[in-house]
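These notes are about the structure you will find just below.
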Amino acid sequence: MGSEGPPAVTIHVTGFKKFHGVSENPTETIVSNLREYMKKKGMPKGLILGSCNILETAGHGAVAPLYQTLQSAISEKDSESANSRRIIWVHFGVNSGATRFAIEQQAVNEATFRCPDEMGWKPQKVPIFPADGEISRVRETSIPVEEITRTLAKKGYEVITSDDAGRFVCNYVYYHSLRFAEQNGTKSLFVHVPLFLTIDEETQMQFAASLLEKLICVLCNWPMCEGGPPDVIEML
């Protein structure tokens, strides 16, 4: 009863495959290797690493598999007890021109692709979700982005808060995910990373692990202390 500890938080993670101009997407490497990396590092108590999926870098043509991925977590949640696990989706995408990590505050209901996606779609000023109205409609994450950014910066990472996730596939996926999260009682966050040529792979893996730790601290109301909560590895 009293010794059960805090409710678990399940974090599901996605990255993207290659796309025009980026033949090797660092987020595919980060997400593919994250489970093994966390096994070695350990994760905070109460955190469960759920699915780690690589998405096609496409908009409209990839919506069905995106929703299958999002829905799979809800199905697991529905099978839990009334005190079901809290669920966060963390989406990683690359900004090839960036020199820092960027934690995205919001997504906009606009698809304006600078080049065709991997399925050949190149929309211009198209609403991502027509039922939401104008392309100026914004959806914001319920996760305290500023707080997480500050604590990660204090750990030495080059990281900023951003309110512009672009209008390409990253924004497209984030908008759908934020809408889905609002409707299903989950949370969603998008993080842009640079190329490995700019920030090396090991540092980016460390950043991803630190981000998960800070998310669990925030959602479990643990202080954003240096060491974080006790390390316990718990994975699906």
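Residue numbers run from 1 in the order of the sequence given.
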> Is the CD atom of Glu134 crowded by more than 12 outside heavy atoms at less than 6.0 Å?
Replying inline: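 No, CD of Glu134 has 12 or fewer neighbouring heavy atoms, counting only those of other groups under 6.0 Å.
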>> Other residues, nucleotides and ligands only: do more than 12 of their heavy atoms fall within 6.0 Å of CD on Glu140?
In response: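 It does: Glu140 CD has more than 12 such atoms within range.
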Among the clusters formed by ILVMFWY side chains lying less than 4.5 Å apart, do [X] and [Y] turn up in the same one?
X      : Y      : result
Ile160 : Leu211 : no
Leu70  : Ile74  : yes
Met119 : Leu55  : no
Met205 : Val191 : yes
Val169 : Val126 : no

Please answer whether the main-chain N or O of [Y] pairs with a side-chain N or O of [X] as donor and acceptor at a distance below 3.5 Å.
X      : Y      : value
Ser32  : Thr29  : no
Thr149 : Val145 : yes
Glu56  : Ala62  : no
Thr27  : Phe16  : yes
Tyr67  : Phe180 : no
Thr198 : Pro194 : no

[X] and [Y]: which non-hydrogen atoms are nearest, and at how many Å?
X      : Y      : value
Asn171 : Glu110 : ND2-O, 3.2 Å
Ser210 : Tyr157 : OG-OH, 2.9 Å
Leu195 : Gln204 : O-NE2, 3.5 Å
Val159 : Ala153 : CG1-N, 3.7 Å

>> Is there a side chain to side chain contact (heavy atoms under 4.5 Å, CB included) between Val31 and Phe92? Walk through the geometry before answering.
In response: CA-CA 8 Å; Val31 174; Phe92 288 98; 4.1 Å; yes
[atom1]/[X] to [atom2]/[Y] distance, rounded to the nearest 0.5 angstrom?
X      : Y      : atom1 : atom2 : value
Ile148 : Cys217 : CD1   : SG    : 9.5 Å
Thr141 : Ile88  : OG1   : CD1   : 9.0 Å
Ser177 : Leu66  : OG    : CG    : 7.0 Å
Glu213 : Met38  : CD    : CE    : 8.0 Å
Asn184 : Gln71  : CG    : CD    : 6.5 Å
Ser72  : Asn53  : OG    : CG    : 7.0 Å

> Using the ring of each side chain (for Trp, its six-membered ring), is Tyr172 parallel, tilted or perpendicular to Trp121, with breaks at 30° and 60°?
Replying inline: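 Judged by the thresholds at 30° and 60°, the geometry between Tyr172 and Trp121 is perpendicular.
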> Could Arg167 and Phe113 be counted as a cation-pi pair, given that NZ or CZ must be under 6.0 Å from the ring centre and within 45° of the axis?
Replying inline: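 Judged by the rule (NZ or CZ under 6.0 Å from the ring centre, within 45° of its axis), Arg167 is not positioned above Phe113.
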> Going through the distances and angles, do Thr10 and His12 end up as a side chain to side chain contact (heavy atoms under 4.5 Å, CB included)?
Replying inline: CA-CA 7 Å; Thr10 301; His12 299 276; 3.4 Å; yes
> What pairs meet the ring-ring contact (aromatic ring centres under 6.0 Å, His included) rule with one or both residues in residues 182-202, with sequence neighbours excluded?
Replying inline: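 For residues 182-202, and leaving out neighbouring residues, the ring-ring contact (aromatic ring centres under 6.0 Å, His included) pairs sorted by first residue read Tyr174-Phe190, Phe190-His192.
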>> Testing Arg100, Glu104, Gln105 one by one against Ser162 for a side-chain hydrogen bond (donor to acceptor under 3.5 Å, both in side chains), which residue passes?
In response: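 It is Glu104, the one option of Arg100, Glu104, Gln105 that forms the side-chain hydrogen bond (donor to acceptor under 3.5 Å, both in side chains) with Ser162.
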>> Assess the residue pair Thr112 and Lys125 against the criterion (side chain to side chain donor-acceptor pair (under 3.5 Å)); give the C-alpha distance rounded to whole Å, side-chain angles, the decisive distance to 0.1 Å, and a yes or no.
In response: CA-CA 5 Å; Thr112 297; Lys125 298 190 179 301; 5.1 Å; no
>> Taking the basic N atoms (NZ, or NE/NH1/NH2) and the acidic carboxylate oxygens, is any pair closer than 4.0 Å for Lys122 and Asp117?
In response: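 Judged by the 4.0 Å cut-off on N to carboxylate O distance, Lys122 and Asp117 do not form a salt bridge.
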> Should the pair Glu118-Lys18 be classified as a salt bridge under the 4.0 Å nitrogen-to-oxygen rule?
Replying inline: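 Salt bridge: yes.
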So do [Y] and [X] actually touch side chain to side chain, heavy atoms under 4.5 Å?
X      : Y      : answer
Asp200 : Thr203 : yes
Glu201 : Asn33  : yes
Ile54  : Thr14  : no
Tyr37  : Glu202 : yes
Glu182 : Leu178 : no

> Does the pair Asn109 and Arg139 meet the rule for a side chain to side chain contact (heavy atoms under 4.5 Å, CB included), with working shown?
Replying inline: CA-CA 8 Å; Asn109 189 32; Arg139 287 186 178 273; over 6 Å; no
> Going through the distances and angles, do Lys17 and Glu28 end up as a salt bridge (Lys or Arg N to Asp or Glu O under 4.0 Å)?
Replying inline: CA-CA 6 Å; Lys17 297 180 182 178; Glu28 182 171 7; over 6 Å; no
> Are Tyr175 and Phe129 near enough that their ring centres are under 6.0 Å apart?
Replying inline: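 For Tyr175 and Phe129, the ring centres are not under 6.0 Å apart.
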> Ile48 and Ile11: side chain to side chain contact (heavy atoms under 4.5 Å, CB included), yes or no, with the steps?
Replying inline: CA-CA 6 Å; Ile48 296 172; Ile11 298 183; over 6 Å; no
> Taking the hydrophobic residues Ile, Leu, Val, Met, Phe, Trp and Tyr, and joining any pair whose side-chain heavy atoms are under 4.5 Å apart, which ones share a cluster with Val108?
Replying inline: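 In the cluster with Val108 are Val138.
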